[in-house]
Amino acid sequence: MDRNAPVGVFDSGVGGLTVAREIIRQIPEERIIYFGDTARLPYGSKSRDTIIRYSRQIIRFLRTKEVKAIVIACNTASSYALDAVQAETDIPVIGVINAGARTAVQATRNRKIGVIGTEGTIGSGIYTEVMQQMRPDIEVFGKPCPLFVPLVEEGLLHDSVTDEIASRYLSSLKGKYIDTLVLGCTHYPLLRSTLQRLLGEGVTLVNPAYETALELRDLLKRQHLDREGDAFPEEEKYQFFVSDLADKFTSFATAILPGQVKETRKINIEEY
Ligand code: DGL
């Protein structure tokens, strides 16, 4: 395997750019091929079988770009498809759940952790399972927050409507006296300041993207896959592909990764 090959990162759409952003911060020397499945999002309300089929197609596409490792940036796809695709792929594939779970387990002091995510992620129970494997005496309270994704995509990051919906979603978690909250969906780190204000400074917010980037860095080092070549031409370092609406993706992506998204190319993912 060529250690100077790019890393593949995929998500249902733009949200996974919050993970790409952390990878760029933590391992700026690595190249990235990003795929956002904008034609078929949201993933959060779809079945396990569908998400596994989509993930397999995306991995086949990323492999045509000769990636050396793959990061499933989407929490829903990590919940449903990681085990299936890891078992059949001969390059490393990581998701975001383990990283988020580990950080939360280390952060909690009262052993009460909240997790917010899509219906798929929360319904799968995966965060609870992984955290209780790490530390059986932990109590985990999951809450699906399906309206957060459209609110973020509408750009309503600081808006009274978002405040109102967030207070309703968070009220049951507040009643459980959680001291740590996992932002278990790609879009939620963009609501961080709203969530922190509503929960108060006593609650630690965990963004799995940060720890996932560190996990990727360590994995590449361990497997001698970390980049050691000369600097790559800037304009080709990060490449972006989507299954629909390339221009819309570029404008949203520019807000998350200023200056990094020069061009987005549309492909037909159903061909893979
Ligand atoms: N990327 C998804 C996740 O992290 C959120 C958006 C969607 O439902 O597709 O679960």
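Ligands are counted one by one from 1 in listed order, and the atoms in each one are counted from 1 as well. Residues take their numbers from the sequence shown, with the count starting at 1.
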Next on the checklist: Between T250 (side chain only) and A246 (backbone N and O only), is there a donor and an acceptor less than 3.5 Å apart?
Outcome noted: yes
Checklist entry - Side chain or backbone of T118 under 4.0 Å from ligand 1, or both, or neither, by non-hydrogen atoms? => result side chain
Next on the checklist: For the 3.5 Å polar cut-off, considering only N or O atoms, please tell me whether H187 and ligand 1 meet it.
Outcome noted: no
Checklist outcome for this item: A student checking ligand 1 against S12 at a 4.0 Å heavy-atom cut-off should list atoms 1 (N), 2 (C), 6 (C), 7 (C), 9 (O)
Checklist outcome for this item: Numbered in order shown, the ligand 1 atoms found under 4.0 Å of a heavy atom of T76 are 3 (C), 10 (O)
Item to check | Proximal ligand 1 atoms for C74, defined as those under 4.0 Å from one of its heavy atoms | outcome: 1 (N), 2 (C), 3 (C), 4 (O), 10 (O)
Next on the checklist: I'd like to check which ligand 1 atoms, numbered from 1 as shown, lie under 4.0 Å from a non-hydrogen atom of P42.
Outcome noted: 7 (C), 8 (O), 9 (O)
Checklist entry - Short list, please: which atoms of ligand 1 are under 4.0 Å from a heavy atom of Y43? => result 7 (C), 8 (O), 9 (O)
Checklist entry - In chain order, what residues pass the side chain to side chain donor-acceptor pair (under 3.5 Å) check against R56, with sequence neighbours excluded? => result E88
Checklist entry - Would you say S124's side chain and I126's backbone share a donor-acceptor pair under 3.5 angstrom? => result yes
Checklist outcome for this item: Joining Ile, Leu, Val, Met, Phe, Trp and Tyr whenever any side-chain heavy atoms lie under 4.5 Å apart, the cluster holding L214 also takes in Y210
Checklist entry - Short list, please: which atoms of ligand 1 are under 4.0 Å from a heavy atom of D11? => result 1 (N)
Checklist outcome for this item: So the atoms of ligand 1 within less than 4.0 Å of a heavy atom of C185 turn out to be 3 (C), 4 (O), 5 (C)
Next on the checklist: Side chains of L191 and L151, heavy atoms from C-beta outward: is any pair under 4.5 Å?
Outcome noted: no
Checklist entry - Looking only at heavy atoms of G15, does any of them come nearer than 4.0 Å to an atom of ligand 1? => result no
Checklist entry - Are R3 and D226 close enough for a salt bridge, meaning some N to O gap below 4.0 Å? => result yes
Checklist entry - Can you find an N or O of L41 that's nearer than 3.5 Å to an N or O of ligand 1? => result no
Next on the checklist: Under 6.0 Å from the ring centre and within 45 degrees of the ring axis: does the NZ or CZ of R265 meet both conditions for the six-membered ring of F240?
Outcome noted: no
Checklist entry - Hey, which atoms in ligand 1 end up nearer than 4.0 Å to a heavy atom of G44? => result 7 (C), 8 (O), 9 (O)
Item to check | Worked verdict on E211 versus L216 for side chain to side chain contact (heavy atoms under 4.5 Å, CB included) | outcome: CA-CA 9 Å; E211 197 70 22; L216 175 68; over 6 Å; no
